[in-house]
Novice: 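Shown below is the structure under consideration.
Lettering of chains follows the sequences in order, A, B, ..., and the numbering in each one begins at 1.
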There are 2 protein chains.
Amino acid sequence: MNPSRKAAPARKSKSNRQGRKPAISRQDIVDAALQLLGPHRSVATLSLREVARAAAIAPNSFYRHFQSIDELAVALIEQAGQSLRDLIWKARSRVGAGESVIRASVETFLQQLQSDKHYLHLLLREGAVGSAAFKQAVERQLEFFEKELQTDLVRLAAASNTPIHNAELVSRAITRLVFSMGTSAMERPPAEHPKLIDDVTDMIRTIMVGTETLAMQNAPSPR
Amino acid sequence: MNPSRKAAPARKSKSNRQGRKPAISRQDIVDAALQLLGPHRSVATLSLREVARAAAIAPNSFYRHFQSIDELAVALIEQAGQSLRDLIWKARSRVGAGESVIRASVETFLQQLQSDKHYLHLLLREGAVGSAAFKQAVERQLEFFEKELQTDLVRLAAASNTPIHNAELVSRAITRLVFSMGTSAMERPPAEHPKLIDDVTDMIRTIMVGTETLAMQNAPSPR
DNA sequence: ATACATAATATACAGTTGTATATTAATTAT
DNA sequence: ATAATTAATATACAACTGTATATTATGTAT
């Protein structure tokens, strides 16, 4: 399963173009909004006029690209989720033999807090405020993470011959945990991040040991 | 350790009162704000004027009781946290012999989603948006939950003679998990809540088994 | 060259917000 | 009764918001 960077479908792909050439793209607006956001600014506080200002367009021009601020917010979340999953995928695929996949993933994930792109802040913070559409978008991204983690867990379990009890729940628990701890980390000085990575890794290991133990109890055939 | 309902310190307790009698109390404003909130309305979207309107006072009168909207938000969070912890404490203390403390706690917690008081929504949703003071207030409430859970876990472990590996991390993990899953539950129809309670209970059990196994590995004296 | 279609802007408006200032009302101390 | 002190309101203002309408610019097809 590769990172699947499918380009977002163009808004209106009239092949027979006619009329004025767009001076600005949907993506340009997304980028402008992204610059406004950050550790101390949440999507919910973005105003249409402000984004338009940042993108150097007239307020009304915004409507040519998005129906509403909400549609922009969804686009932001989707881009953030996509980018982060790509990133983790790359990190995992280059993890060496002796190293821990868990630790590598957690590390690359939380390292993004320092990044100047604010994808992680975006995804962590906005969990549950905003319109229904927006909240669903966030939830959708979370589920993507969960699914990818699940296939990874199953693969790992098969490789190392350690069973797993209820892989779906386990991957969901881990994902939620990482996101929740990441949210806390956001508000703390970077000096505390290493300790936090240790903690999260330890939590995940506890879950892994638990699921393994439970699986062995339920199907104790030593084969 | 009892529920510790300490009354919030009065704003200005001039013993030598003089002047006009307050027509409205801090708490009245908190109550008015609470009515505005709910499953689909977050603290971040409250405006001073709106709250004043709901409390039937002039906008400026608000300042007599709170320095800013932010101070009100913090008060809201604190009241929500306090109430919920009281509630869980009561639920736990009346759990019978054969029943599961874990399950009872999770159940009473998530049942609050149906309550007409919106404490749980408040606490679940607002995790990471808002001012620094506000976010710290939320984090503080989370830590209260963690601490109470930790003492509970330690007590339970001693009683049932099952060891615990790193009780602090375990209680933190469980707390975060419950809150995160609760946030998701908020957006889903009540019909799915039982299944959700099962899931969360299962997750927690996995963690408990994990911590137990780890503890036994580290100190395998069979005494 | 002309018509047409599209993108972007200009102007405008009504609504809301936070807050500064001034005024009135109610209560207590003297 | 009068002064003092506090609570609450009234009025006002500048900033900002989303959006409706009209106009201008810029490209393509004929």
Novice: Would you tabulate the nitrogen or oxygen pairs shorter than 3.5 Å linking the protein to nucleotides 12-17 of chain C?
Specialist:
{"residue": "dT17(C)", "atom": "OP1", "partner": "S47(B)", "partner atom": "OG", "Å": "2.9"}
{"residue": "dT17(C)", "atom": "OP2", "partner": "R53(B)", "partner atom": "NH2", "Å": "2.6"}

Novice: To the nearest Å, give me how far apart CD1 (I69(B)) and C1' (dT19(C)) are.
Specialist: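 These atoms are roughly 13 Å apart.
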Novice: Is a side-chain donor or acceptor of E71(B) paired with a backbone partner of Q67(B) at a separation under 3.5 angstrom?
Specialist: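 Present.
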Novice: What ring pair (Phe, Tyr, Trp, His ring centres under 6.0 Å) pairs are there with at least one residue in residues 104-126 of chain A, not counting sequence neighbours?
Specialist: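 The answer is F109(A)-F179(A), H118(A)-H121(A).
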Novice: S180(A) side chain to L177(A) main-chain N or O, any donor-acceptor pair under 3.5 Å?
Specialist: no
Novice: Figure out the CZ/P separation between F66(B) and dG18(C), and round it to whole Å.
Specialist: 15 Å
Novice: Rounded to whole Å, how long is the line connecting atom CD1 of I24(B) with atom P of dA7(D)?
Specialist: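 Between P of dA7(D) and CD1 of I24(B): 13 Å.
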Novice: Could you note down all residue pairs passing salt bridge (Lys or Arg N to Asp or Glu O under 4.0 Å) where residues 40-62 of chain A supplies at least one of them, sequence neighbours left out?
Specialist: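 Every salt bridge (Lys or Arg N to Asp or Glu O under 4.0 Å) pair that includes a residue of residues 40-62 of chain A, provided the two are not neighbours, is R41(A)-E50(A).
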Novice: CZ of R64(A) versus P of dT19(D): gap in Å, rounded?
Specialist: 15 Å
Novice: Do any side-chain nitrogens or oxygens of H65(A) fall under 4.0 Å of OP1 or OP2 in dA8(C)?
Specialist: yes
Novice: Checking the side chain of S171(A) only, and the main-chain atoms of E168(A) only, is there a donor and an acceptor separated by less than 3.5 Å?
Specialist: yes
Novice: Check whether any side-chain N or O of T211(B) sits under 3.5 Å from a backbone N or O of M208(B) as a donor-acceptor pair, and report yes or no.
Specialist: no
Novice: Under a 4.0 Å threshold between the charged nitrogen and the carboxylate oxygen, would K195(B) count as salt-bridged to D199(B)?
Specialist: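 Looking at D199(B) and K195(B), the cut-off is met.
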Novice: Closer than 3.5 angstrom, by distance alone: can the side chain of D28(B) be matched with the main-chain N or O of S25(B) as a donor-acceptor pair?
Specialist: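 Yes.
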Novice: Can you pull out every salt bridge (Lys or Arg N to Asp or Glu O under 4.0 Å) where at least one residue sits in residues 114-136 of chain A? Sequence neighbours excluded, please.
Specialist: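 Applying salt bridge (Lys or Arg N to Asp or Glu O under 4.0 Å) to every pair that reaches into residues 114-136 of chain A, excluding sequence neighbours, yields K135(A)-E187(B).
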Novice: Could you say whether A23(B) or S68(A) is positioned toward the 5' end of DNA chain D, judged by the nucleotide with the nearest heavy atom to each?
Specialist: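 Looking at the nearest nucleotide for each, A23(B) comes out on the 5' side.
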Novice: Starting the side chain at C-beta, find the nucleotide from dA8(D), dA7(C), dG18(D) nearest to Y63(A).
Specialist: dG18(D)
Novice: What are the two closest non-hydrogen atoms of S100(A) and R205(A), and how far apart are they?
Specialist: OG-NH2, 4.2 Å
Novice: When S184(A) is tested against each of E139(B), E143(B), R172(B) for side chain to side chain donor-acceptor pair (under 3.5 Å), which residue passes?
Specialist: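 Between S184(A) and the candidates, side chain to side chain donor-acceptor pair (under 3.5 Å) is satisfied uniquely by E139(B).
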Novice: Between the axis at one end of the helix from dA1(C)-dT30(D) to dT30(C)-dA1(D) and the axis at the other (five pairs apiece), what's the angle to 10 degrees?
Specialist: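 Its terminal axes enclose an angle near 0°.
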Novice: Scan nucleotides 20-30 of chain C nucleotide by nucleotide, 5' to 3', and note B when protein non-hydrogen atoms come under 4.0 Å of the base, S if they reach only the sugar-phosphate, - if neither.
Specialist: BB---BBBBS-
Novice: Can you see if the side chain of S61(A) gets near the phosphate of dT9(C) - specifically, an N or O under 4.0 Å from OP1 or OP2?
Specialist: yes
